[in-house]
J.: 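Before I ask anything, here is the structure I am working with.
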Amino acid sequence: MATQNFAFSASKRDTVTQQGTESISADDSDEIKGKKQEILKETEALLKAESSGDFSAFSNLVDREVSFFEPETCGQLIRGLDASKIRLAAAKESSAHKVTMLHPTVHILNGAAASIAYIRLDQIASNNGAYSVMRSEETRVWQKRDSKWTVIHYHRSNTPTSYLAKS
């Protein structure tokens, strides 16, 4: 099990760090390694957009007709980019938000499709001094269209425990 240092600076926003290199195998061809690196980079950019509440950057990485399951949807499959606006608006309200991607695993499905699964840690400091750490499991499906990777589906499951403290 990986350990993570939870040192947190309230002045930092939208920081994305990655722990673990399970995705890249010595047996992978250079082409596959390159595609896996692309997916890791695009996922990091997506998490940065989410944690900073940057809907413009987020919408450049996600298909307009994206489908997703999130704990907030209570098991309902949701479609469409606009459904994420509220969540991203709430992210803008935090004074600091750090995301850590743990143990990312990328599968290249073919030349134009890939999936990534990882553990996500969100460290959030609110403007009222509350601090929380949430852990979730995420899977994202990427499709390459016109030389650009976009998320067409994702699934996030929260772990029932989180840490919440008031400073």
Side-chain angles (χ1 to χ4, degrees), residues 2 4 13-20 22-23 35-36 38-110 112-128 130-146 148-166:
Q4 173 67 33
R13 286 197 53 82
D14 69 13
T15 304
V16 177
T17 58
Q18 176 186 319
Q19 301 289 321
E22 291 83 1
S23 287
K35 287 181 180 179
K36 287 182 175 184
E38 286 178 33
I39 295 299
L40 288 167
K41 180 182 165 204
E42 295 296 322
T43 303
E44 288 173 354
L46 181 68
L47 293 175
K48 182 176 180 179
E50 284 183 345
S51 66
S52 66
D54 186 346
F55 186 75
S56 177
F58 179 80
S59 63
N60 285 329
L61 295 164
V62 177
D63 186 78
R64 291 189 52 190
E65 299 301 319
V66 66
S67 59
F68 59 91
F69 290 103
E70 292 180 324
E72 299 85 357
T73 68
C74 301
Q76 300 299 311
L77 177 66
I78 306 297
R79 295 184 194 281
L81 187 60
D82 287 343
S84 298
K85 281 185 179 178
I86 293 172
R87 183 172 47 82
L88 269 69
K92 278 189 171 182
E93 298 300 316
S94 67
S95 62
H97 189 163
K98 178 180 179 184
V99 176
T100 304
M101 182 188 335
L102 296 172
H103 309 295
T105 300
V106 178
H107 296 281
I108 303 301
L109 305 174
N110 63 37
S115 69
I116 183 169
Y118 50 90
I119 303 297
R120 174 179 172 158
L121 293 178
D122 285 88
Q123 297 169 267
I124 303 167
S126 70
N127 292 324
N128 67 3
Y131 173 78
S132 64
V133 177
M134 293 176 290
R135 178 185 187 269
S136 58
E137 299 82 25
E138 284 190 354
T139 302
R140 297 189 185 260
V141 179
W142 292 85
Q143 184 177 37
K144 197 168 198 176
R145 296 181 189 149
D146 301 323
K148 181 183 172 213
W149 289 104
T150 57
V151 172
I152 59 170
H153 178 79
Y154 68 93
H155 186 124
R156 180 169 48 88
S157 300
N158 281 356
T159 302
T161 59
S162 66
Y163 171 79
L164 178 62
K166 175 91 170 155

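A quick note: this is a predicted structure, and the numbers were derived from the prediction, not measured.
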J.: If you measure from CD on Gln143 to CD1 on Ile152, what distance do you get to the nearest 0.5 Å?
T.: 4.5 Å
J.: Less than 4.5 Å apart, any side-chain heavy atom of Phe55 and any of Asp82?
T.: yes
J.: Rounded to the nearest 0.5 Å, how far does OG1 of Thr43 lie from CD1 of Ile116?
T.: 4.0 Å
J.: Checking Leu46 against Phe58 for the side chain to side chain contact (heavy atoms under 4.5 Å, CB included) test, could you report, in this order, the C-alpha distance in whole Å, the side-chain angles of both residues, the deciding distance, and whether it holds?
T.: CA-CA 6 Å; Leu46 181 68; Phe58 179 80; 3.4 Å; yes
J.: Test Leu61 against Val151 for side chain to side chain contact (heavy atoms under 4.5 Å, CB included), laying out the working first.
T.: CA-CA 6 Å; Leu61 295 164; Val151 172; 5.7 Å; no
J.: Taking only residues two or more places apart in sequence or in another chain, which ones pass side chain to side chain donor-acceptor pair (under 3.5 Å) with His155?
T.: Ser157
J.: If every non-hydrogen atom of Ser59 is compared with every non-hydrogen atom of Leu81, which pair is closest and at what distance?
T.: CB-CD2, 3.4 Å
J.: Run through Glu138, Met101, Glu137 and flag the one making a side chain to side chain contact (heavy atoms under 4.5 Å, CB included) with Ile119.
T.: Glu137
J.: In Å and rounded to the nearest 0.5 Å, what is the CD1 to OG distance from Ile108 to Ser115?
T.: 8.0 Å
J.: To the nearest 0.5 Å, what is the distance between OG (Ser52) and NE2 (His97)?
T.: 9.5 Å
J.: Output a table of donor-acceptor pairs, distance under 3.5 Å, between side-chain atoms of residues 62-69 and any protein atom two or more places apart or on a different chain; print 'none' if there are none.
T.:
residue: Asp63; atom: OD1; partner: Arg145; partner atom: NH1; Å: 2.4
residue: Asp63; atom: OD2; partner: Glu65; partner atom: N; Å: 2.8
residue: Ser67; atom: OG; partner: His153; partner atom: ND1; Å: 2.7

J.: Is there a side-chain contact between Leu102 and Arg135 in this structure, where contact means two heavy atoms from C-beta onward sitting under 4.5 Å apart?
T.: no
J.: CG of Leu47 to CZ of Arg140: how many Å apart, nearest 0.5 Å?
T.: 5.5 Å
J.: Is the side chain of Lys48 donor-acceptor paired with the backbone N or O of Ala57 at a distance under 3.5 Å, no angle test?
T.: no
J.: At their closest point, which heavy atom of Val106 faces which heavy atom of Lys36, and how far apart are they?
T.: O-CE, 3.4 Å
J.: Sorted by first residue and then second, give each side-chain hydrogen bond (donor to acceptor under 3.5 Å, both in side chains) pair with at least one member in residues 69-80; sequence neighbours left out.
T.: Glu70-Arg87, Glu70-Tyr154, Glu70-Arg156, Glu72-Arg156
J.: Starting at NZ of Lys144, measure out to CH2 of Trp149 and round the result to the nearest 0.5 Å.
T.: 5.5 Å
